[in-house]
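I am attaching a structure below and will ask some questions about it afterwards.
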Amino acid sequence: HAPHSLTLHAMTSNEWNARSLDTQRFIELAGGIRLQTPLTDLSRVLEVCTDTAAVSTIPACDWSLDGQIRGEGARLQHWMHLQATLSLPQTCQRCLDAMPVAVQVDRRFRFVADEATALAEDDDCEEDLLAMSSEFDALNLLEDELLLAMPLIISHADCQPPASMALIDDLPHPFAALAGWKTQKS
């Protein structure tokens, strides 16, 4: 008998379920997901869009998730690399005009045996730790990371606030009457 050899092969995107991913198997097989997910499938990200009418014209979120094993023996580590790009319709906080906001994610996560291990190691390491799961929701992770990558203040690089309605309509300044009171008292 010739010795049997085990050949691992990378599975293609359509062989993985992003909503219920067996993380250990995915990483050990050096799995890779390359997907385009419509914004309508990312409900929490959709909620932060200020122009919901423009959502139908937005290209889908391009994202990928790759599994990787690092180290050997007792130092063996399971990693995933998440990358994503998306353009979201937002409102400039300065001029109040609509504007697209580019959101990019490029994060690596180390997976450990369980939640207890993740909590125990969390203070001693710089990387983000997640617990292995046979039903890991990669789309939920994608949504979390897209939301965290959004800018805190959304504004154009160079714009002006809208003119005051009082100036546009030639209305008297709301405190103009007080100026008349001051002159009457003197």
Side-chain angles (χ1 to χ4, degrees), residues 5-50 52 54-55 58-90 93 99-155:
S5 65
L6 176 65
T7 304
L8 297 180
H9 70 284
M11 297 174 76
T12 60
S13 293
N14 61 357
E15 295 178 66
W16 299 108
N17 179 353
R19 286 270 183 215
S20 182
L21 193 63
D22 182 341
T23 54
Q24 185 161 352
R25 185 168 177 260
F26 179 81
I27 292 168
E28 288 175 354
L29 292 176
I33 294 176
R34 309 266 178 288
L35 293 174
Q36 289 189 326
T37 301
L39 189 55
T40 53
D41 289 352
L42 303 170
S43 60
R44 291 183 296 137
V45 176
L46 183 61
E47 287 177 14
V48 301
C49 294
T50 55
T52 52
V55 167
I58 296 173
C61 176
D62 290 317
W63 66 286
S64 65
L65 188 65
D66 295 296
Q68 179 185 28
I69 292 182
R70 297 182 189 172
E72 296 177 357
R75 295 182 144 302
L76 190 71
Q77 295 180 338
H78 294 78
W79 289 81
M80 277 195 204
H81 184 203
L82 172 66
Q83 293 179 300
T85 58
L86 178 63
S87 181
L88 295 173
Q90 295 292 299
Q93 293 177 1
M99 66 177 285
V101 172
V103 180
Q104 294 184 332
V105 173
D106 189 358
R107 300 284 311 274
R108 296 181 194 286
F109 303 92
R110 183 165 61 97
F111 281 77
V112 294
D114 51 36
E115 289 289 336
T117 305
L119 288 172
E121 292 184 21
D122 192 40
D123 290 338
D124 298 329
C125 64
E126 293 183 20
E127 66 268 15
D128 289 320
L129 299 177
L130 296 174
M132 289 281 192
S133 171
S134 60
E135 296 180 359
F136 182 75
D137 189 344
L139 281 175
N140 193 38
L141 176 65
L142 172 66
E143 278 192 291
D144 288 346
E145 294 304 319
L146 287 169
L147 291 169
L148 289 170
M150 287 193 60
L152 294 176
I153 298 174
I154 297 166
S155 66

- Item | Gap between atom CD of Gln83 and atom CG of Asp106 - 0.5 Å precision | 4.5 Å
- Message: Let me confirm one number: the CZ-NE2 distance from Arg108 to His81, rounded to the nearest 0.5 Å.
- Response: 4.0 Å
- Message: To the closest 0.5 Å, what do you measure between CD1 (Ile33) and CG (Leu142)?
- Response: 10.5 Å
- Task: Kindly state each residue pair satisfying salt bridge (charged side-chain N to carboxylate O under 4.0 Å, His left out) with at least one member in residues 74-89, sequence neighbours excluded.
- Result: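 Checked against salt bridge (charged side-chain N to carboxylate O under 4.0 Å, His left out) - neighbours excluded - no pair reaches residues 74-89.
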- Please indicate whether Ile153 has more than 12 foreign heavy atoms, meaning atoms of other residues, nucleotides or ligands, lying under 6.0 Å from its CD1. no
- Message: Please give me the minimum heavy-atom distance between Ile58 and Ser87, naming the atom from each residue.
- Response: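 That closest heavy-atom pairing would be CG2-O, 3.2 Å.
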- To the nearest 0.5 Å, how far apart are CG in Asp22 and CD in Glu28?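 One gets 8.5 Å once the value is rounded to the nearest 0.5 Å.
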- Using the test ring-ring contact (aromatic ring centres under 6.0 Å, His included), find all partners of Phe111 that sit at least two apart in sequence or belong to another chain.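 Phe111 satisfies ring-ring contact (aromatic ring centres under 6.0 Å, His included) with Phe136 only.
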- Query: For the atom pair NE2 (His78) and CG (Leu130), what is the distance rounded to the nearest 0.5 Å?
  - Reply: 13.5 Å
- Message: Could you go through Val45 and Val103, starting from their C-alpha distance and side-chain angles, then the distance that decides it, and tell me whether this counts as side chain to side chain contact (heavy atoms under 4.5 Å, CB included)?
- Response: CA-CA 11 Å; Val45 176; Val103 180; over 6 Å; no
- Closest heavy-atom pair and its distance - Ala60, Leu86: C-CD1, 4.4 Å
- Between Ser155, Cys49, Pro151, which is the residue that forms a side chain to side chain contact (heavy atoms under 4.5 Å, CB included) with Val101?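 With Val101 as partner, Ser155, Cys49, Pro151 yield a single side chain to side chain contact (heavy atoms under 4.5 Å, CB included), made by Pro151.
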- Query: If you draw a 6.0 Å radius around CD in Gln77, do more than 12 non-hydrogen atoms from other residues or ligands fall strictly inside?
  - Reply: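 Counting other residues, nucleotides and ligands, CD of Gln77 exceeds 12 neighbours.
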- Query: Looking at Asp66, Asp62, Leu65, which hits side chain to side chain contact (heavy atoms under 4.5 Å, CB included) with Arg34?
  - Reply: Asp66
- Task: Could you tell me which residues satisfy side-chain hydrogen bond (donor to acceptor under 3.5 Å, both in side chains) with Thr37, sequence neighbours excluded, listed by chain and number?
- Result: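 For Thr37 the side-chain hydrogen bond (donor to acceptor under 3.5 Å, both in side chains) partners, ignoring immediate neighbours, are Trp63.
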- Smallest separation among heavy atoms of Glu143 and Leu42, with atom names: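 Smallest heavy-atom distance, with atoms named: OE2-C, 2.9 Å.
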- Task: Apply side-chain hydrogen bond (donor to acceptor under 3.5 Å, both in side chains) to Ser64 and list each qualifying residue two or more places apart in sequence or on a separate chain.
- Result: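 Checked Ser64 against side-chain hydrogen bond (donor to acceptor under 3.5 Å, both in side chains); zero matches.
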- Item | Sequence neighbours excluded, every pair satisfying salt bridge (charged side-chain N to carboxylate O under 4.0 Å, His left out) that has a member inside residues 79-88 | none
- Leu129 side, atom CG; Thr117 side, atom OG1 - distance, nearest 0.5 Å: 9.5 Å
- May I have all residue pairs that pass salt bridge (charged side-chain N to carboxylate O under 4.0 Å, His left out) and include part of residues 129-142, sequence neighbours excluded? Arg19-Asp137
- Heavy-atom closest contact (Val105 atom, Glu145 atom, distance):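 Between these two residues, the closest heavy atoms are CG2-O, 3.6 Å.
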- Query: Between Ala113 and Met132, what is the shortest heavy-atom contact and its length?
  - Reply: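 That closest heavy-atom pairing would be O-CB, 3.9 Å.
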- Does Leu29 reach the side chain of Trp16, with side-chain heavy atoms less than 4.5 Å apart? yes
- Query: Just by modelled atom types, is the Gly31 backbone N or O under 3.5 Å from a matching donor or acceptor in the Arg25 side chain?
  - Reply: no
